[in-house]
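Below: the structure, in C-alpha cells.
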Amino acid sequence: MTWKKFSGEVIHSPILEEIETAILRETENGYRLKVCIGTDSQVKGALTDFATVIVLLREHHGGFMYIHQDKTPQKMSIKERMLVEVQKSIETAYAICDLLDLYDVDLEVHADINTNPMFKSNKALNEAMGYILSMGFIFKAKPEAFASSTCADKMVH
C-alpha cells in the first residue's frame, strides 16, 4: 500500500514506522496527539477514486496527514460505496490501533455519511455506525467527520 504526505511526497518506509516516528517526534515537542481516519470517494466516469487519510492532530496546534489512494472500475450503489469507504477506514484503523494504544493516542474513525435523512449517504449510516462501533472504534459522522468529509474529500475532488 503506497502512502503519501499531503505534499505528494511518497512514504518509502512502512506506514506504521512513519506514524511511530511522528508520534515520538510530536510528543517530544510537547504535543498531545489524536488520530482520525477517514475515507472519501468520487465517481469519475467508469472509475471510482477512493482516498483514505490518517490525520494526526496536535491538540490546539493543527495537524498533518498521510494519504492512500486507489481506483476501482467496480460499479456500486451509493450505499455500497459508503460502506466500502468505511471498510477502508476500518482496515487502516485496525492496522495502526495497537501502535496508538502503545503510545496512548486516541483514535476516531470518521465516516463521510450525513446524519440528516435528506441526504443519499444517510442510507448507510446505521450499518456504518454498527460496523465501526462493533470493531471497538470511536465513530464520527458528518458534520464532525472532518477526516473523511474535508481531508479525504480534497484528495478525490
Side-chain angles (χ1 to χ4, degrees), residues 1-23 33-57 63-103 105-116 119-157:
M1 227 186 197
T2 304
W3 288 88
K4 295 178 180 176
K5 293 182 179 178
F6 187 62
S7 65
E9 180 190 337
V10 174
I11 294 161
H12 297 288
S13 57
I15 192 65
L16 269 177
E17 267 178 42
E18 182 71 24
I19 290 171
E20 186 169 29
T21 302
I23 290 170
L33 293 175
K34 173 164 78 173
V35 171
C36 303
I37 294 173
T39 302
D40 195 14
S41 61
Q42 180 73 32
V43 178
K44 296 177 178 174
L47 294 175
T48 302
D49 190 9
F50 287 93
T52 300
V53 296
I54 302 170
V55 181
L56 281 82
L57 288 179
F64 53 98
M65 67 178 173
Y66 302 103
I67 303 124
H68 169 72
Q69 284 185 271
D70 60 332
K71 293 176 177 21
T72 179
Q74 188 182 337
K75 294 270 180 250
M76 295 176 235
S77 68
I78 181 107
K79 183 174 181 177
E80 191 179 1
R81 191 161 52 94
M82 299 293 113
L83 293 174
V84 169
E85 288 177 8
V86 168
Q87 180 185 355
K88 288 177 180 293
S89 294
I90 285 176
E91 284 171 3
T92 302
Y94 193 72
I96 68 167
C97 65
D98 288 347
L99 177 69
L100 299 180
D101 285 349
L102 184 66
Y103 290 102
V105 175
D106 291 338
L107 171 65
E108 294 177 357
V109 176
H110 292 192
D112 190 35
I113 295 175
N114 210 301
T115 50
N116 181 334
F119 290 86
K120 285 184 197 161
S121 68
N122 183 263
K123 289 184 180 91
L125 181 65
N126 288 341
E127 287 92 331
M129 192 161 60
Y131 189 9
I132 292 167
L133 293 174
S134 70
M135 292 296 288
F137 298 122
I138 295 169
F139 167 79
K140 300 279 183 192
K142 281 182 177 175
E144 297 178 319
F146 65 85
S148 53
S149 53
T150 305
C151 301
D153 176 80
K154 288 200 179 352
M155 306 317 299
V156 290
H157 285 94

If you measure from [atom1] on [X] to [atom2] on [Y], what distance do you get to the nearest 0.5 Å?
X: Ile11; Y: Tyr66; atom1: CD1; atom2: OH; value: 5.5 Å
X: Gln87; Y: Ile90; atom1: CD; atom2: CD1; value: 8.0 Å
X: Met1; Y: Glu91; atom1: CE; atom2: CD; value: 6.5 Å
X: Met82; Y: Met76; atom1: CE; atom2: CE; value: 10.0 Å
X: Gln69; Y: Thr39; atom1: CD; atom2: OG1; value: 11.0 Å
X: Leu107; Y: Ile37; atom1: CG; atom2: CD1; value: 5.0 Å

Are any of the side-chain heavy atoms of [X] and [Y] separated by less than 4.5 Å?
X: Ile54; Y: Ile96; value: yes
X: Ile23; Y: Leu100; value: yes
X: Phe64; Y: Leu56; value: yes
X: Phe119; Y: Ile113; value: no
X: Trp3; Y: Thr92; value: yes
X: Asp70; Y: Lys88; value: yes
X: Val53; Y: Phe6; value: no
X: Thr115; Y: Leu125; value: yes

Show the numbers, then the answer: is there a side chain to side chain contact (heavy atoms under 4.5 Å, CB included) between Tyr131 and Met135?
CA-CA 6 Å; Tyr131 189 9; Met135 292 296 288; 4.2 Å; yes
Under the criterion side chain to side chain contact (heavy atoms under 4.5 Å, CB included), which of Gln42, Lys71, Met155, Glu85 is the partner of Phe50?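 The passing option is Glu85.
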Treating Thr150 as the side-chain partner and Ala147 as the backbone partner, does any N or O pair qualify as donor plus acceptor under 3.5 Å?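 No: the side chain of Thr150 does not pair with the backbone of Ala147.
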* **Asp40 side chain vs Ser149 backbone, donor-acceptor pair below 3.5 Å** =>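 No; zero donor-acceptor contacts below 3.5 Å.
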Step-by-step side chain to side chain contact (heavy atoms under 4.5 Å, CB included) determination, Val43 to Arg81: CA-CA 10 Å; Val43 178; Arg81 191 161 52 94; 3.8 Å; yes
Nearest heavy-atom neighbours spanning [X] and [Y]:
X: Leu83; Y: Ala124; answer: CD2-O, 4.1 Å
X: Ala145; Y: Lys142; answer: CB-N, 3.8 Å
X: Phe137; Y: Tyr94; answer: CZ-N, 3.8 Å
X: Ala111; Y: Ser148; answer: C-OG, 3.3 Å

Original post:
Do you see a donor-acceptor pair shorter than 3.5 Å between the side chains of Glu20 and Tyr103?
Top reply: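 Note: Glu20 and Tyr103 side chains meet the donor-acceptor criterion.
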Is a side-chain donor-acceptor pair under 3.5 Å present for Thr72 with Thr48?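 There is no such pair (donor and acceptor under 3.5 Å, judged by atom type) between the side chains of Thr48 and Thr72.
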Show the numbers, then the answer: is there a side chain to side chain contact (heavy atoms under 4.5 Å, CB included) between Leu99 and Ile19? CA-CA 9 Å; Leu99 177 69; Ile19 290 171; 3.8 Å; yes
Is the Phe146 ring parallel, tilted or perpendicular to the His110 ring (thresholds 30°, 60°)?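 The rings of Phe146 and His110 stand perpendicular, inter-plane angle above 60°.
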Q. Does NZ belonging to Lys120 count more than 12 external heavy atoms closer than 6.0 Å?
A.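 Counting neighbours around NZ of Lys120, 12 or fewer heavy atoms of other residues, nucleotides or ligands fall under 6.0 Å, so no.
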**Test side chain to side chain contact (heavy atoms under 4.5 Å, CB included) applied to Glu108 and Glu144, step by step** = CA-CA 11 Å; Glu108 294 177 357; Glu144 297 178 319; over 6 Å; no
